[in-house]
Amino acid sequence: MSTRELTFAQAIREALDEELARDPNLFILGEDVGAWGGVFRCTEGLYEKYGPDRVIDTPLSEEGFVGLAVGAAMTGMHPVPEIMFGDFITLAMDQIVNQAAKMRYMTGGQVKVPITFRATMGAGRSSGAQHSQSWHAWFAHVPGLKVVVPSTPYDAKGLLKTALREPNPVVFFEDKVMYAKIKGPVPEEEYTIPFGKADIKREGSDITLVALSRMVHPTLAAAEMLAKEGISAEVIDPRTLTPLDEETLIQSVCKTGGAVIVDEGYNRFGVTAELAAVIAYGAFDYLDAPVERLGAMDVPIPFSPPLEFTTIPDEQKIVERVHKVLEGRRR
Amino acid sequence: MERLSQIAEVVVDRDTMIEMYHRMLLARAFEETVFDVYRRGWMPGLAHLADGQEAVPVGVCMALRPDDTITSTHRGHGHIIGKGGQVEPMMAEVMGKATGYCRGKGGEMHIADVKLGILGANGIVGGGIGIAAGSAFTAKREGKGRVSVAFFGDGAINQGIWYETANMAVLWKLPLIYVCENNQYTEYTNYRKLQAGEGLVARAEAMGMPGLEVDGNDVLAVYSATLEMVERARRGEGPSMLVCHTFRYGGHHVGDPGTKYRTKEEIEEWKAKDPIVRFEKVLVERGVLSPGDIEEMHSKVEKRLAAAVEAGRNAPYPDVSEVTEHVYA
Ligand SMILES: Cc1ncc(C[n+]2csc(CCOP(=O)(O)OP(=O)(O)O)c2C)c(N)n1
Ligand SMILES: [Mg+2]
């Protein structure tokens, strides 16, 4: 298999390109996704290649174009609405939560709603409190939706291709900090990655670190730092929140006896809470210390860099939490 | 705010008129029966009834092709019947039974037969408008002349999604017909207290689409105006808006008598303009039906509804194992 290095954004773009070519019912819509190529360059060149009917510039109307996407999906299309900043998804919440997620159920299985919502997440750009939030947990709370949170170009491409072939509404979160900064190998050959299969990003035996989306990268860096201290950390990326690969998480903790969960969403009632519950229940007899939860601080995301970076996890904070767990174990 | 448009009444053939009348009778009888079923405690929950408004859903839907789609509302039983829905699975759905259209998962407010082009009945006021725009989007792409209708109330027109989709529908010339059923009240408040401006045709025109305003208790006027808009949409000329003035006889839902915020005079005034009685007069005058035919149709419909209730009551509830079905495809 031949591979090359792609950025996260290029991997997304490639998945969109290949699936647009494969499925005539697929179309992209959103703000500046067409001729401009997307604010984050994820649709660059697609407008030229597939034309204005497949890559559609919409007015600034999140509720309206997402609602239109729901109706198009119910009548046989597969829309791919882009929510430029994931923060703006609040404007389309009714259409996603009350319409897309439950139309199939309410009609007793009479319709399918194949939509791939692409939205961004992630802080660290001094973009302020309304352009930095990570709302993936909200959607993982809603039955009827699937939620994807890839961390590498390889995963992003393979999981997005799966999403674009799903008969269900999928909310696909892309951390905007990764678009240009994260590069990685992506095969030339076609591949897809199934939902509900966690990936062990690094094997280890002393502690389990669970991380998703961009948080995988500082977590891998932390594992490297820990290795120098003689601590062997296993890093697991669930990759999809719904469906969730509980088995892989539990098995790892049964082996290591402890876990730190790292996420850029808020701690309170968030992904870290849910995953901690899964581990506490599934690996109860194997835990030597309470599961540590390292999410974003429960404050609106501030603008000023020293403040902003205080609120989100990084290598140093992850290492500290690992020490805390291991100390708890010795007691 | 009510300025009725001048619309030439189209020639309607005998069979179509009889079918219109039949569906109006079914829609009326369905609502009256549901009210009875509710009072007897044979259904769970509440129901939003639309008796008095039958000319709108029937007049609109009879102007549609089977492959045209509609989106319905919380007050949607008439839309389903107008589009050809059967009262038996509707009644079973109201009762939460396994034989219901949605196997008891939708309920009174969410009855839908997707095969008939009914893309859900929505509990979110205005919630179906986006879906209707999406169906129009698909229809335009298919290029088979199919159109999409969004039914909504005088309250829903004040939701933002109307303006967002109207903008896109005009920009992209979507075959979409907005049908506003102005039954005078948004829950317990008269629409005049809630709608600014010079009426809804003015709003439609401001968005760049034509609008027509009709007597919503005159089924032939509704039908004629809809046909005009449907033909325009099929020709690829884009969306339009039909405003139908009508009235619901009952309260906002079955638990509301509807008399605290509406005067007896107002209710009587509208009952004197009853859409079914008026249409019966037309049918007899034009020699389409005799008074005897009318009586016979009434009694057939009543018998059918009674049988639907009986069947619904005897039908099983869905097995609890079904609760996790249909969450995902
Ligand atoms: C988004 C939303 N807000 C409020 C409600 C509560 N509600 C149900 S029906 C209704 C009034 C709707 O009025 P209108 O659109 O005129 O329809 P009608 O009931 O008269 O048929 C309201 C406020 C709701 N279901 N959804
Ligand atoms: Mg109303």
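Labels below follow one simple rule: chain letters A, B, ... track the order of the sequence lines, proteins then strands, and each chain is numbered from 1.
- Chain B is approached within less than 4.5 Å, heavy atom to heavy atom, by A:Asp53, A:Arg54, A:Ile56, A:Asp57, A:Thr58, A:Pro59, A:Ser61, A:Glu62, A:Glu63, A:Gly64, A:Phe65, A:Gly67, A:Leu68 from residues 44-68 of chain A, ordered by number.
- Applying the salt bridge (Lys or Arg N to Asp or Glu O under 4.0 Å) rule to pairs touching residues 98-110 of chain A yields nothing, sequence neighbours excluded.
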Please walk me through it: do A:Thr107 and B:Arg103 pass side-chain contact (heavy atoms from CB on, under 4.5 Å)?
CA-CA 8 Å; A:Thr107 58; B:Arg103 298 199 62 80; over 6 Å; no

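- Chain A is approached within less than 4.5 Å, heavy atom to heavy atom, by B:Glu142, B:Arg146 from residues 142-153 of chain B, ordered by number.
- Within the model, atoms CD1 of B:Ile131 and CD of A:Gln99 stand 4.5 Å from one another, a figure rounded to the nearest 0.5 Å.
- Both the backbone and the side chain of B:Asp113 come within contact range of chain A, each with at least one heavy atom under 4.5 Å from a heavy atom of that chain.
- For B:Leu171, the part lying under 4.5 angstrom from a heavy atom of chain A is the side chain only.
- Here the closest heavy-atom approach between residue B:Ala112 and residue A:Gln110 is recorded as O-NE2, 2.8 Å.
- Annotation: side chain of B:Thr324 is not in contact with side chain of A:Tyr105 (no heavy-atom distance under 4.5 Å).
- Only the side chain of B:Leu174 comes within contact range of chain A, with heavy atoms under 4.5 Å apart.
- Rounding to the nearest 0.5 Å places CZ of B:Phe137 at 5.5 Å from CE of A:Met77.
- Taking the side chain to side chain contact (heavy atoms under 4.5 Å, CB included) definition, one finds that B:Tyr317 meets it with B:Lys97, sequence neighbours left out.
- Taken to the nearest 0.5 Å, the CD atom of A:Gln95 stands 4.0 Å off from the CD1 atom of B:Ile161.
- Panel note: side chain A:Asn168, backbone B:Tyr328; no donor-acceptor pair is recorded below 3.5 Å.
- Taking 4.5 Å as the limit, every side-chain heavy atom of B:His326 sits out of range of all side-chain heavy atoms of A:Val111.
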